[in-house]
Amino acid sequence: MMKLLILNEKKSQAEKFADYLGGMSGDFEGNQYDIVYAAGHLLQLKSPNEMVDKSLVEKYSDWKNLDNFPWNATDINWQKYVSPGKEKYIKNIRNAIPGHDVIVIATDNDPSGEGDVLGWEIAEYLGWNKAIWRIRFKGDDSANYVIDALHKPEKANLSTQDTQGMLVKGKSRQKFDFLTGLEESRIATNLARQEGFYNKGKAISIGRLQTYITCLVDSQNKARTNYVKKPFYEVRYKDANGNVFKRNYQEGDSWRFDNELSAKKDLNDYSTDQIVIDSTEDKRKQPPKLVNLADLGKIFQSKYTTDQITSTYQKMYDDKIVSYPRTEDNAITIDDFNELLPYADKIARVVGIDPELLTHREPRKKFIIKSEDHGANRPTKLVPKSIEEVTSKYGECGKDIYLQLAKSYLAMLAEDYVYTQIKAHLANHSEFISTINVPKEQNYKLIFDDESLKEDKAEVTKSFSDEANPLVYQGSNTPPAKPTLTFILNNLDKWNLGTGATKMQTISKLQAIGNENKKVIPQIKVTKGIFHVTGTGALVACLAKDTYLSSGKITKRLQDILNEIKDDPAKQDMVYSVAAKTIEHDKAIMIKNAPLLKQDDQVNKLAGDLKAIERFSGIFVKNNETVNPPITIFDGHKTNSEEQQKALAGEKITYLSNKFGKEEKHIAYLAEQTYKNKKTGKEVTRISWKVEFPQDTDHVEGIYLPLNQKIKFKKEYGQHAFTEEEIITLLAGKELSFEATDKQGKSYTATGKLAEQEFKEGQRKVKFWGFKPNSRPVDTSVYEVITYKDGKEYHFKKIYRNHRWTPEELKKIAAGKKQIVAFNGQKGTYRLEIKPNPKKKFKGKTFFGFDEKFVK
DNA sequence: GCAAGGTC
């Protein structure tokens, strides 16, 4: 009898195991067991300088000496520490260990070996020295698979870990990415600085996945800029339904011209011709495979960011209304199929699909896989009551995700799309041919049209008419594709780069929207669905051009080596030499590229202002150590050398600051400050500026009763200073009226209450509390009040240029549309094109007005 | 200050 500690990768998996085995603890065929779980990787590699012998710490802390690279990977002991935020999971597992004989690693069985690493690193970290069993099961949602796997565990222990192929494979991948990523980041950062590009004092991040993406986006945009359109002209035929007949072009054919005139001359040799049908055949197309998260990203790329989609999907997964997000499966097991089938009608009704369409309830082969990672993304048995419920819980994006997911699933249960394929040629010119597909029965396409996944959407075709007419057709060489999300994802797939879990995430992280997530400096940004590099991205693209890490090939090569290591783990040190060779090569390339930074237009335009924070240095009297504080204090004050010396001597300096809207006296001094490093969670102590602000006499503080929350707000509004009594009224959340003077000097009664408001400071939105006047009622006998297309209310005068707006005109105005209106002037009627402009400006005031253009 | 891989 053995006591087993079953270690799952995540909570949801542990819950399923408990379900199959009869609880989180219990008895499995005579052996006692307890189930514990992680939350993905709980551990990560330490900093390089923490993984080497004392004598090498200096070398591995250094960023500046290029001779250090490549490192000697055998110097490194590959120790790990608990990722910030994951301590509670480690604690739970540690507490559960005593009394057990075996740790059963029951994490995901990824082909990369990631699940193996994830389990083994926990056992190692916790100092486990007894048996370790690895079980591999097909999918995590069938009791039979799990029990079957428990019958035949792969038995090992920590001392034999180097013989475990999958584990060694996973660890080797980790080592390669760590070595190449960290070393090349240091090399790139150093080289850029030597050329004067400081990237705001932050490191330039280089890595196998991210650098490929950044360089791909940049090279594609450059290819688009350099594209020269080369038109060609040729005779084609078109029938009344728009079907085109053309010849198959071979290099050197004389009927294709580079100028229109020649083609026009050629056109004289052709005349209206009869269409001859060659064949008519009915064809069928099965519904497309199920969508995954990357597909959802592609479908909604112009509507939502990758970040919105992944985070919304995650919320829906947390509530279990959709399946596990991070998979690349496009099919499901027969068990999954059978489990969800009884809910199909219910799902259909929620998403507004007629259940009558779901007649194909037998599984087609293409949708069924024997084993799965997690199974394709799909709705679950937990069907929401209505689509409105989904919208109210997860917003517009959640609604769109659910609709798309449900429809993709339901399409699988509909009949094949049937179309008629017709091939034809022209009677007198048989070399002109045409093939068209005419839809016959839409079937699954009524539920989900897979065209939405393609970038070039096919048009619906009508059958041939009797005859076709010749015309001169202008074509051109194809321009390089736009770097859209689809483009990036397709290229990642080409090289097998990134996993289901990381692709969308990395693209999100690389984007400017990651500004809130300060872990990563954005390298790319997306505008209108097209990706571009940022300043940092421009630096990366120029420096890393032609490096191995910027190319997809390195991943193919790495994977070959990793598989070799998996088959013979004794070869594991191979990964060290591959990493060293990669770094050596890339270092040489980057040294060559570095001088080009100054000549690169894009780099100068985008990265020129990413200068370093200027610092001064000196010995600080209080700790007798050399310190490097910034010259400019964060309140905007630029210190002079006299002030710097004073501060180093431990004295306070005083100056006037203008930063916060008005001039005030600030006192600043150097002192020890403690920060939390966001990535490592470690506290860092540093000497930097502290500022004493003058006492705030403009604002008042108090408890805002409706929220029971402490707030601060301005003591006055316009010319009016609030009295004690009025402040109490406002803090109670009540309305207040007082006599006020407007900007024109007229007095009026202002009524309003406290509200949280927002103003923009550059890109940043700053929230504040303050008195907010109610919008003054408009005189509806003089003004029209409309709800504009942006959903907001606006007003404007009923009579404009002596013309009273008609109801039809008002409708167009509300829709934001242009229109031509006739006005009566002194010299008769004149016409203007009128376009509503809700942000019309006059003497600094913004109002709802109209842009006008004269028309004849 | 630096990766990619997990999950939440």
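Naming: A, B, ... by sequence-line order, numbering from 1 per chain.
Scored by the side-chain hydrogen bond (donor to acceptor under 3.5 Å, both in side chains) test, Tyr394(A) finds Asp319(A) as partners (sequence neighbours excluded). Scanning for side-chain contact (heavy atoms from CB on, under 4.5 Å) contacts around Asn491(A) gives Tyr212(A), Leu216(A), Phe487(A), Lys494(A), with sequence neighbours left out. Scored by the side-chain hydrogen bond (donor to acceptor under 3.5 Å, both in side chains) test, Lys88(A) finds no partners at all (sequence neighbours excluded). Here Glu121(A) pairs with His41(A), Lys80(A) under the side-chain hydrogen bond (donor to acceptor under 3.5 Å, both in side chains) rule; sequence neighbours left out.
If you check dA4(B), dG6(B), dC8(B) against the side chain of Arg173(A), the one that comes closest is dA4(B). In the set dT7(B), dC2(B), dG6(B), the nucleotide with an atom closest to the side chain of Lys10(A) is dT7(B). Comparing atom distances between the Gln210(A) side chain and each of dT7(B), dA4(B), dG6(B) picks out dA4(B) as nearest.
Ion pairing between a basic and an acidic side chain is recognised when a charged N comes within 4.0 Å of a carboxylate O; Asp493(A) and Lys503(A) show such pairing. Remark: Glu15(A) engages Lys320(A) in a salt bridge, criterion side-chain N to carboxylate O under 4.0 Å.
A straight line from CG of Asp108(A) to P of dG6(B) spans 9 Å, rounded to a whole angstrom. A straight line from CD of Gln523(A) to P of dC2(B) spans 11 Å, rounded to a whole angstrom. Between the CG atom of Leu179(A) and the P atom of dA4(B) there is a distance of 13 Å, rounded to whole Å. Nucleotide dG6(B) holds its P atom 16 Å from the CD1 atom of Ile105(A), rounded to whole Å. One atom, NZ of Lys46(A), and another, C1' of dA4(B), lie 20 Å apart when rounded to the nearest Å. What separates CG of Asn109(A) from P of dG5(B) is a distance of 17 Å, to the nearest Å. What separates NZ of Lys315(A) from P of dC8(B) is a distance of 15 Å, to the nearest Å. Counting to the nearest Å, the C1' atom of dG6(B) and the CG atom of Leu42(A) are 9 Å from each other.
Toward the 5′ end of DNA chain B lies the nearest nucleotide of Lys64(A), the other residue of the pair Lys64(A) and Glu121(A) mapping further downstream. Between Tyr317(A) and Pro48(A), the residue whose closest nucleotide on DNA chain B is further toward the 5' end is Pro48(A).
One finds no side-chain N or O of Lys202(A) lying less than 4.0 angstrom from the OP1 or OP2 phosphate oxygen of dG1(B). Of the side-chain N and O atoms in Arg326(A), one or more sit less than 4.0 angstrom from OP1 or OP2 of dT7(B). In this model, the phosphate group of dT7(B) is not approached by any side-chain N or O of Tyr37(A) to a distance below 4.0 Å at OP1 or OP2.
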Show me the donor-acceptor pairs, under 3.5 Å and distance only, between side chains in residues 540-548 of chain A and residues at least two apart or in other chains.
from      : atom 1 : to        : atom 2 : distance (Å)
Thr547(A) : OG1    : Ala544(A) : O      : 2.6
Thr547(A) : OG1    : Ser550(A) : N      : 3.3
Thr547(A) : OG1    : Ser550(A) : OG     : 3.4

For a salt bridge (Lys or Arg N to Asp or Glu O under 4.0 Å) check, start with the C-alpha distance between Arg173(A) and Glu114(A), then their side-chain angles and the critical distance, and finish with the verdict. CA-CA 9 Å; Arg173(A) 198 279 309 148; Glu114(A) 216 56 53; 3.2 Å; yes
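For the contact set between residues 181-192 of chain A and DNA chain B, defined by any heavy atom under 4.0 Å, the members are Gly181(A), Leu182(A), Ser185(A), Arg186(A), Thr189(A).
Residue contacts shown for Gln314(A) include a base, since a base heavy atom lies under 4.0 Å away.
Evaluation of Phe178(A) against the base of dA4(B) yields no stacking contact (centre distance < 5.5 Å, interplanar angle < 30° required).
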